[in-house]
Amino acid sequence: MKIVLIGIQGAGKSTQGNLLSEKLKIPYLSTGHIFRELAKEKTKIGRYIKEVMNAGYLIPDKKTVAIVDEYLKRQEYKNGYIIDGFPRTIAQAEFFKDGADKVIYLKVSDGEALKRLSFRNGDNGVREDETPSAIAKRIELFHKLTKPVFDYYRKKGILIEIDGERAIEEIHEDILTKLGK
Ligand code: AMP
């Protein structure tokens with residue numbers, strides 16, 4: 001099964017993605033994680049990605065789809081995957097035509113996401129790409145560029161909307177039920 005997990009930063013995508021991966025025995029990958037790893041490289045592309053991420057912008061579609069395409073060609077994803085954070089734009093969704101059987105939209109309000117991100121930072125030290133201005137830009141771009149992706153999948157009849165403002169276990173159970181698992 002090919003599952004897409006999208007939501008605003010702080011919605012709990014990686015928490016739910018990992019739980020789901022364990023339960024369904026489907027490998028999990030996250031474009032945010034891939035980009036954070038690339039951003040550590042002391043190369044031209046590494047520095048560029050770091051700069052874009054830290055400012056709260058999206059990596060350009062062309063680069064993003066090339067990277068995702070390369071990853072998903074790997075043997076481990078042949079029988080399915082749970083991909084977190086992709087597609088985030090209509091251009092990415094159009095590229096990803098047959099890439100999703102189900103799309104889970106983990107819904108939380110901007111206010112709740114902001115509250116969780118400040119808690120996350122307080123807890124584990126500030127992540128470089130989670131400064132207040134980067135978070136604000138990311139929320140703006142989420143509404144502008146990613147919201148249309150939900151309409152795209154809603155029209156295809158594969159969008160599952162999940163209330164993400166509940167206990168982790170409750171959300172997990174709800175996702176499983178709506179996936180028919
Ligand atoms: P995330 O951990 O999913 O919030 O992603 C962290 C950052 O990685 C984002 O703010 C973007 O800069 C970049 N990124 C992750 N996924 C994508 C994507 N699908 N398209 C463009 N940029 C992305």
Side-chain angles (χ1 to χ4, degrees), residues 2-21 27-41 43-73 77 81-100 103-110 112-121 123-153 159 162 164 171:
K2 298 179 278 192
I3 299 173
V4 161
L5 205 50
I6 16 183
I8 205 162
Q9 193 178 31
K13 289 171 288 155
S14 71
T15 303
Q16 293 299 332
N18 281 297
L19 280 174
L20 207 55
S21 168
Y28 164 85
L29 79 161
S30 136
T31 48
H33 179 76
I34 293 170
F35 286 133
R36 272 188 291 280
E37 288 304 305
L38 289 174
K40 286 181 192 161
E41 290 176 10
T43 56
K44 198 171 161 207
I45 185 71
R47 279 191 291 272
Y48 168 73
I49 288 177
K50 183 173 172 179
E51 202 176 304
V52 174
M53 284 180 81
N54 288 355
Y57 284 90
L58 292 178
I59 309 300
D61 288 331
K62 210 167 149 214
K63 180 132 264 20
T64 301
V65 301
I67 289 170
V68 169
D69 196 36
E70 190 192 308
Y71 265 80
L72 294 182
K73 276 193 190 127
Y77 302 119
Y81 45 79
I82 297 168
I83 186 163
D84 158 358
F86 179 92
R88 261 173 154 99
T89 65
I90 286 288
Q92 292 179 13
E94 280 170 352
F95 156 83
F96 207 43
K97 271 192 294 300
D98 303 316
V103 176
I104 298 169
Y105 171 17
L106 213 47
K107 264 176 139 163
V108 304
S109 67
D110 293 358
E112 176 65 18
L114 279 168
K115 212 166 75 191
R116 292 183 188 180
L117 290 171
S118 44
F119 177 72
R120 176 149 100 185
N121 281 341
D123 231 27
N124 303 323
V126 178
R127 216 171 76 181
E128 237 184 313
D129 65 333
E130 290 186 355
T131 56
S133 68
I135 292 170
K137 178 51 78 182
R138 221 168 269 127
I139 289 177
E140 178 199 325
L141 294 180
F142 174 79
H143 290 288
K144 196 166 133 195
L145 301 175
T146 308
K147 280 270 177 81
V149 174
F150 299 128
D151 297 329
Y152 175 90
Y153 285 123
L159 187 74
I162 298 283
I171 297 169

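We count ligands from 1, going down the list as the structure has it; atoms in each ligand are counted the same way. Keep in mind that this is a model prediction, so the values were computed, not measured. This chain uses plain numbering: 1 for the first residue, then up along the sequence.
- For the pair Ile83 and Tyr71, the minimum side-chain heavy-atom distance is 4.5 Å or more.
- At least one N/O-N/O distance between Thr31 and ligand 1 falls below 3.5 Å.
- Close contacts between ligand 1 and Arg36 involve ligand atoms 2 (O), 6 (C) [criterion: under 4.0 Å to a heavy atom].
- At least one N or O atom of Gly85, backbone or side chain, sits closer than 3.5 Å to an N or O atom of ligand 1.
- Shown in contact with Tyr57 at under 4.0 Å from a heavy atom are these atoms of ligand 1, numbered in order with element: 11 (C), 12 (O).
- At a 4.0 Å heavy-atom cut-off, ligand 1 touches Lys13 through the side chain alone.
- A 6.0 Å sphere centred on NZ of Lys13 holds more than 12 heavy atoms belonging to other residues, nucleotides or ligands.
- A salt bridge between Glu70 and Lys73 is absent, with no side-chain N of the basic residue lying under 4.0 Å from a carboxylate O of the acidic one.
- Heavy-atom proximity to Gly32, at under 4.0 Å, picks out these atoms of ligand 1: 1 (P), 2 (O), 3 (O), 5 (O), 6 (C), 8 (O), 15 (C).
- With hydrogens and angles ignored, the 3.5 Å screen pairs no side-chain donor or acceptor of Tyr105 with any backbone N or O of Lys147.
- Within the model, atoms CD1 of Ile34 and CZ of Phe86 stand 10.0 Å from one another, a figure rounded to the nearest 0.5 Å.
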Salt bridge (Lys or Arg N to Asp or Glu O under 4.0 Å) between Glu112 and Arg116: does it pass, once the steps are laid out? CA-CA 6 Å; Glu112 176 65 18; Arg116 292 183 188 180; 2.9 Å; yes
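- Summarising the geometry of Arg138 relative to Met53, their closest heavy-atom pair is NH2-O, 2.9 Å, with the distance given to 0.1 Å.
- Looking at Glu51, Lys137, Lys50, Arg88, it is Arg88 that brings a heavy atom closest to atom 1 (P) of ligand 1.
- Ligand 1 places these atoms under 4.0 Å from at least one heavy atom of Gln9: 4 (O).
- A 4.5 Å side-chain heavy-atom check between Phe150 and Leu159 finds at least one atom pair inside the cut-off.
- The closest approach between any non-hydrogen atom of His33 and ligand 1 is not below 4.0 Å.
- The shell of residues lying under 4.0 angstrom from ligand 1, judged by heavy atoms, includes Thr64.
- Under 4.0 angstrom from ligand 1, the non-hydrogen atoms of Ile59 come from both its backbone and its side chain.
- Between atom 7 (C) of ligand 1 and the options Glu130, Gln92, Met53, the minimum heavy-atom separation is to Met53.
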